[in-house]
Colleague: 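First, the structure itself, so that you have it in front of you.
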Amino acid sequence: MKIIEPHIHMYSRTTDDYMAMYSAGIRVCVEPSFWLGSERRYAGTFFDYFKVILEFETQRAAKFGIDHYSAISVNPKESKNSTLVDEVLEGIDEYLDHPRCVAVGEIGLNMNTPNEITAFRRQLLMAEEREMPVVIHLPHIPKAEGARIIVDIIREEGVAQERILIDHNDETCMDITRETDCYTGMTVYPFSKLTPKRVSELLKKHGVERMIVSGSADWGVSDPLSLVKVVDYLRSDGHDDNVIQQLVHDNADALYSASPNWKPNFSIEPVPVSEFQR
Ligand SMILES: [Zn+2]
């Protein structure tokens, strides 16, 4: 089965992860901009990071047979510093215009503060103006309240919902995000977030249309093979292969297809191991 990993932070992962992902059938991935483990103090640090994920990470992934794209933004965790947000957004255009950038993201909320809401709204409108896909991060606590704020802003601004992924849904907020025409994402982690079983239950309740699943792996306890575990569990739980294909490939493909830069290549040949021995 062809798998697209629509949300993963490969910057924080190893070459072993790339090899394991390839072996398990993951061929294409999207890396949204995130934080670096500590808060950045300079706009320049964002710009250097954008360049790394748009260029170096794409080359690194290709060596292991994976077609890697990025989404660019100021993330919600660092959006509370409005001076820094202003400086980054002033210089962000060249990175959004980069041929490996397929979306604005991840934007959204972390603690639901007024500064975060301002940065979210500005970047949502930036994406709308450019007709780009958007990856939105729902806050962890309280998730339903954050989902309500985000959905209200999307409606108020009248932006195109079919280009938006609202990610990290769980049982407490899925009813709110499913009221929209946005794609709704579920994230599977080993201990927190969702398990494959909970994904299966949410699918049975809400259907597969506009549903997307990701591993969102980063520096924390997370798993770059989450999607493969989801596929295995869904099969054992009686879901049809067409439904699974829609969940781990077709829906993400449709979302990112709104970007002219999205040309997923499922046939990149990994560099032979002998090359690495030189
Ligand atoms: Zn993320």
Side-chain angles (χ1 to χ4, degrees), residues 3-14 17-18 21 26 28-40 45-46 49-50 52-54 57-58 61 66 68-80 85 88 92 95-96 100-112 116 119-120 123-124 127 132-141 143 146-147 150 163-170 173 177 182-195 199 211-227 230 248 251-252 255-256 259:
I3 299 178
I4 296 171
E5 169 51 88
H7 185 152
I8 190 162
H9 304 285
M10 293 311 297
Y11 182 91
S12 62
R13 307 302 306 195
T14 65
D17 290 333
Y18 273 125
M21 287 163 70
I26 298 171
V28 179
C29 71
V30 178
E31 170 143 11
S33 307
F34 193 43
W35 71 315
L36 295 177
S38 62
E39 282 172 20
R40 278 169 280 212
T45 327
F46 279 86
Y49 164 75
F50 294 157
V52 168
I53 60 172
L54 287 163
E57 204 53 55
T58 294
I66 294 181
H68 172 284
Y69 294 87
S70 294
I72 295 295
S73 73
V74 179
N75 67 81
K77 243 176 145 71
E78 290 173 282
S79 293
K80 57 180 175 287
V85 171
V88 177
I92 207 168
Y95 304 97
L96 293 174
R100 300 303 297 187
C101 177
V102 292
V104 171
E106 51 195 294
I107 59 173
L109 300 174
N110 184 43
M111 303 301 288
N112 305 348
E116 287 173 19
F120 167 63
Q123 295 185 91
L124 182 70
M132 287 176 78
V134 185
V135 179
I136 296 179
H137 168 97
L138 285 170
H140 301 284
I141 303 167
K143 207 179 265 293
I150 283 169
R163 284 197 298 265
I164 296 175
L165 164 61
I166 305 178
D167 210 352
H168 312 316
N169 283 274
D170 67 9
C173 66
T177 56
C182 300
Y183 288 88
T184 45
M186 298 175 283
T187 304
V188 174
Y189 265 27
F191 302 114
S192 55
K193 299 201 161 79
L194 296 175
T195 58
V199 167
M211 282 285 200
I212 285 181
V213 70
S214 76
S216 298
D218 55 24
W219 299 267
V221 180
S222 49
D223 182 358
L225 301 183
S226 276
L227 288 190
V230 169
V248 301
N251 290 347
L255 165 73
Y256 290 119
S259 165

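Indexing begins at 1, ligand by ligand and atom by atom, following the structure's order. The model shown is predicted, which means the values in this text are computed figures rather than measured ones.
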Colleague: Between Glu78 and Arg40 (side chain of the first, backbone of the second, donor and acceptor by atom type, cut-off under 3.5 Å), is there such a pair?
Modeller: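 Such a contact is found between Glu78 side chain and Arg40 backbone.
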Colleague: Got a donor-acceptor contact below 3.5 angstrom from the Tyr256 side chain to the Val30 backbone?
Modeller: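 Looks like no, no N/O pair under 3.5 Å.
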Colleague: If we ignore hydrogens and angles and just use 3.5 Å, is the side chain of Lys77 paired with the main-chain N or O of Gly37 as donor and acceptor?
Modeller: no
Colleague: Looking only at the aromatic ring of each residue, does the gap between the centers of Tyr49 and Tyr11 stay below 6.0 angstrom?
Modeller: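 Judged by ring-centre distance (under 6.0 Å), Tyr11 and Tyr49 do meet the cut-off.
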Colleague: Looking at residues at least two apart in the chain, or sitting in another chain, which of them share a side chain to side chain contact (heavy atoms under 4.5 Å, CB included) with Thr14?
Modeller: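 Per chain and number, Thr14 pairs via side chain to side chain contact (heavy atoms under 4.5 Å, CB included) with Asp16, Asp17.
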Colleague: Parallel under 30°, tilted from 30 to 60°, perpendicular over 60°: which one fits the rings of Phe34 and His137?
Modeller: tilted
Colleague: At a cut-off of 2.8 Å, what protein N/O/S atoms sit near the Zn ion (ligand 1)?
Modeller: His7 NE2, His9 NE2, Glu106 OE2
